[in-house]
**Q** 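The structure that follows is given in the form of structure tokens.
Predicted, not measured: the structure shown is a model, and the values here were computed from it.
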Amino acid sequence: MNSWKKNLTLSASLLSATLLVACGDGGNAEGGSADGESAGIETLNIMAPTFETTAPPSGNEWEEALVEFTDQDVNIDWVPNVNYTDRMNVTLASSNIPHVMVVQGKDPGFLNSAEAGAFWELTDYLDDYENLSQYNEDILLNSSINGQVFGIPRERDIMRSTAMIRRDWLENLGLEVPTSVDELYDVLKAFKNDDPNQSGADDTVGMIIPTWYGSLDTLSVWTGAPNIWGFEDGEIVPTFATEGYIDSLEMVRKMVDEGLINTDFTTLSPDDWDSAMFNGDGGVIIDVYSRAMRINNLFNDENGTESETYVDITGTLTAPDGNEYGQSTDGYSGFLAISKQTVTTEEQLEEVLTFLDKLASTEGANLLNHGIEGVTYDLDEDGYVLPIENDLTPYSLEQLGMYGEVYSMRPEGELAETRYRLMEENEENVVYNAAAPLVSDIYARQGSQLDDIIEDARVRYIAGQISREEFDAEIERWYSSGGQSVIDELTEKYQELMETQE
């Protein structure tokens, strides 16, 4: 496990609305009685999102397998994902909160409920369980609320960012896949100036950027800036106040000045991103690995191939200072929270955690993700999943997954193999957002406006619409408009958090 103090990460969560939380003071059929006597949980009620067109019917084969494996009767209330947040908030304000609830993020309704005591604080319990104790400590901290764990995180990939590059353009110019930010610049320059598509015309650029500017965020981290928020000289600092960010900003402005980036980067829709690269407008995109796979599939479809590699990927690039800084996600997608309204005693909490501990085992994790071994899937000689054709309706319980060893499908082709290798290797250089566990009340009220100041100034500066002095003036406006108050609040919360970890 990683240390909670190592790469401590933060991201200010939004908090804007207050909901009434019905904590309940009476008895209920399965969660105890009014006089405080404990009762076991006969049927565990769970609320979870579904991405299926229709929700899985009660008593389907998958849930029956879950009941058999855990030896716990369950009732799962599947809610369409598009309506999940609204339904969750209504449920939180009711007197009928399920024992376990999937919470998709630190949204206002959940934050208010947790702070009002509606959910169990789990920090002191997870280590007592064989599988639940195997959490990644950084991710658990990221998912916490100011260091308090109110849910078991649904872990997700930590490293997702890469530069994807047209392999044919590299080959046409005799270039190698770049391994550093400086080498990436050289590739972009060659893609602009050296006729990579061999058309004889000046009709290409190096990198394509749409009106979603995550590419710039990734590049700034690769250059040495913090991932949204960092901690320097005793206080929380926003990434744009650091040398690495400014170095990246100046580099991108230089790229724009030299024509290495598409001229319509202030208007190009993200919906047209894939086609722009596929059609040969530019040779590089910085985004997530899944986009590289999707673009590569466009080439396979065009050429009638299946798993050929037309797009190369870089993973994390080395910064000008010689180090590697990997832009990470927070490492989770929501969490499973346990209600104090319906799970009223530590004995009942132990029942619920025992159930979840089984789901976090290797067998449980694969039941949730792949179904029933020998019925819906087998494993080949190398441990890869082989789906089995069957007549069962293909529902999935993966929305209940937390962590655990999940078997994977065999990677199809060189690109897929490289992707998973790089994702694993790059975790050594992870840079988490230093404010991920922290909840800022001020940012909840003013964060959107503050973010707009910086985003607008960055785009106008790299487009050459404002000077460096005008950009710096916008930074000062951010501080005076509430940004300094956010820094002060986050710094205080960070220091309090660190004290609890000593």
**Q** Shortest non-hydrogen contact from Leu397 to Trp62?
**A** CD1-O, 3.7 Å
**Q** About how many Å separate OH of Tyr332 and CD1 of Ile139, when rounded to the nearest 0.5 Å?
**A** 10.5 Å
**Q** Minimum heavy-atom separation for Ser328 to Val430, with atom names?
**A** CB-CG2, 3.2 Å
**Q** Quick one: list whatever passes side-chain contact (heavy atoms from CB on, under 4.5 Å) with Asp202, sequence neighbours left out.
**A** Lys192
**Q** Throw together a table of side-chain donor-acceptor distances under 3.5 angstrom for residues 371-379, partners on residues two or more places apart or in other chains.
**A**
from   : atom 1 : to     : atom 2 : distance (Å)
Thr376 : OG1    : His370 : O      : 2.8
Thr376 : OG1    : Ile372 : N      : 2.8
Thr376 : OG1    : Ile372 : O      : 3.1

**Q** Give the minimum heavy-atom separation between Thr204 and Pro196, together with the two atoms involved.
**A** OG1-CD, 3.6 Å
**Q** Would you please test Val252 and Ile261 for side chain to side chain contact (heavy atoms under 4.5 Å, CB included) and show each step?
**A** CA-CA 9 Å; Val252 174; Ile261 292 174; 4.0 Å; yes
**Q** Counting C-beta onward and ignoring hydrogens, is there a side-chain heavy-atom pair between Ile208 and Trp273 closer than 4.5 Å?
**A** yes
**Q** Please report the interatomic distance NZ(Lys358) to CD(Glu130), rounded to the nearest 0.5 Å.
**A** 12.0 Å
**Q** Hey, are Gln327 and Thr218 close enough side-chain-wise for a donor-acceptor pair under 3.5 Å?
**A** yes
**Q** Determine yes or no for a side-chain-to-main-chain donor-acceptor pair under 3.5 angstrom, with Asn60 supplying the side chain and Pro57 the backbone.
**A** yes
**Q** Side chain of Asn366, backbone of Thr362: donor and acceptor closer than 3.5 Å?
**A** yes
**Q** Which heavy-atom pair separates Ala48 from Leu400 by the least distance, and what is that distance?
**A** CB-CD2, 3.8 Å
**Q** Do Tyr403 and Asn136 come close enough that some side-chain heavy atom pair is under 4.5 Å?
**A** no
**Q** Would you check if there is a donor-acceptor pair between the side chains of Asp217 and Tyr245 at a distance under 3.5 Å?
**A** no
**Q** If you take all heavy atoms of Ala416 and Pro411, which pair is closest and at what distance?
**A** CB-CB, 3.8 Å
**Q** Taking C-beta and beyond as the side chain, do Met47 and Arg87 meet within less than 4.5 Å on heavy atoms?
**A** yes
**Q** I'd like to know if the side chain of Tyr213 reaches the main chain of Arg458, judged simply by a donor and an acceptor atom lying under 3.5 Å from each other, with no hydrogens or angles considered.
**A** no
**Q** Hey, what do you get for CG (Asp138) to CD1 (Ile158), rounding to the nearest 0.5 Å?
**A** 7.5 Å
**Q** Once rounded to the nearest 0.5 Å, what's the spacing between atom CG of Asp451 and atom CG of Asp456?
**A** 12.5 Å
**Q** Does Glu424 have more than 12 heavy atoms from other residues, nucleotides or ligands lying within 6.0 Å of its CD?
**A** no
**Q** Could you check whether any side-chain heavy atom of Phe191 comes within less than 4.5 Å of a side-chain heavy atom of Leu173, counting everything from C-beta outward?
**A** yes
**Q** I'd like to know if the side chain of Glu308 pairs up with that of Asn296 as donor and acceptor (distance under 3.5 Å, no hydrogens or angles considered).
**A** no
**Q** Check whether any side-chain N or O of Asn303 sits under 3.5 Å from a backbone N or O of Phe299 as a donor-acceptor pair, and report yes or no.
**A** yes
**Q** Decide yes or no on side chain to side chain contact (heavy atoms under 4.5 Å, CB included) for Phe265 and Val459, but give the supporting numbers first.
**A** CA-CA 9 Å; Phe265 71 91; Val459 173; 4.3 Å; yes
**Q** So does Asn426 get a backbone contact from the side chain of Thr316, meaning a donor-acceptor N/O pair under 3.5 Å?
**A** no
**Q** Cut-off 3.5 Å, side chains only: do Tyr135 and Asn131 have a donor facing an acceptor?
**A** no
**Q** Is it true that a side-chain atom of Asp281 and a backbone atom of Met277 form a donor plus acceptor pair closer than 3.5 Å?
**A** no
**Q** After noting the C-alpha distance and the side-chain angles of Ile295 and Met164, does the key distance pass the side chain to side chain contact (heavy atoms under 4.5 Å, CB included) rule?
**A** CA-CA 9 Å; Ile295 294 174; Met164 55 206 76; 4.1 Å; yes
**Q** How about Met293 and Leu415: do any of their side-chain heavy atoms sit closer than 4.5 Å?
**A** yes
**Q** Decide if atom CD of Gln449 counts as having more than 12 heavy atoms of other residues, nucleotides or ligands within a radius under 6.0 Å.
**A** yes
**Q** Count the heavy atoms of every other residue, nucleotide or ligand shown that sit under 6.0 Å from CD of Glu250, and state whether that count exceeds 12.
**A** yes
**Q** Can Asp287 and Arg160 be counted as an ion pair, charged N to O under 4.0 angstrom?
**A** no
**Q** Would you check if there is a donor-acceptor pair between the side chains of Trp78 and Glu63 at a distance under 3.5 Å?
**A** yes
**Q** Quick one: does Thr70's side chain have a donor or acceptor within less than 3.5 Å of a partner on Leu66's backbone?
**A** yes
**Q** How far does CD of Glu425 sit from CE of Met159, to the nearest 0.5 angstrom?
**A** 11.5 Å
**Q** Leu497 versus Pro437: any side-chain heavy-atom pair under 4.5 Å?
**A** yes
**Q** If you measure only the distance, is there a donor-acceptor pair under 3.5 Å linking the side chains of Arg154 and Gln399?
**A** yes
**Q** I'd like to know if the side chain of Asn197 pairs up with that of Asn172 as donor and acceptor (distance under 3.5 Å, no hydrogens or angles considered).
**A** no
**Q** Is a side-chain donor or acceptor of Asp77 paired with a backbone partner of Ile46 at a separation under 3.5 angstrom?
**A** no
**Q** If you count heavy atoms of other groups shown closer than 6.0 angstrom to CD of Glu68, is the number above 12?
**A** no
**Q** For Asp382, is the CG atom crowded, meaning more than 12 foreign heavy atoms sit under 6.0 Å from it?
**A** yes
**Q** So which heavy atom on Asp203 is nearest to which on Ser199, and how close?
**A** OD2-OG, 3.0 Å
**Q** Heavy-atom distance under 4.5 Å between the side chains of Leu140 and Pro153, does that happen here?
**A** yes
**Q** Just wondering, more than 12 heavy atoms not from Glu176 lying within 6.0 Å of its CD?
**A** no
**Q** Which word best sums up how the rings of Phe110 and Phe335 line up, parallel for under 30°, tilted for 30 to 60°, or perpendicular for over 60°?
**A** tilted
**Q** So, do Glu258 and Tyr185 sit near enough that their side-chain heavy atoms are less than 4.5 Å apart?
**A** yes
**Q** Would you find a donor on one side and an acceptor on the other, under 3.5 Å apart, between the side chain of Asn429 and the backbone of Tyr325?
**A** no
**Q** Assess, by modelled atom type and distance only, whether the side chains of Thr305 and Asn300 contain a donor and an acceptor separated by less than 3.5 Å.
**A** yes
**Q** Kindly indicate, with the supporting measurements, whether the criterion side chain to side chain contact (heavy atoms under 4.5 Å, CB included) is fulfilled by Thr329 and Arg156.
**A** CA-CA 8 Å; Thr329 68; Arg156 297 295 186 266; 5.7 Å; no
**Q** Rounded at 0.5 Å granularity, tell me how far CD in Gln104 sits from CG in Asn81.
**A** 5.0 Å
**Q** Under the 3.5 angstrom rule, does the side chain of Arg291 hit a backbone N or O of Ile286 as a donor-acceptor pair?
**A** no
**Q** Establish, for the pair Arg253 and Tyr461, whether the NZ or CZ atom is under 6.0 angstrom from the six-membered ring centre and no further than 45 degrees off its axis.
**A** yes
**Q** Please report whether the ring centroid of Tyr384 lies less than 6.0 Å from that of Tyr407.
**A** no
**Q** Do you see a donor-acceptor pair shorter than 3.5 Å between the side chains of Asp264 and Asn262?
**A** yes
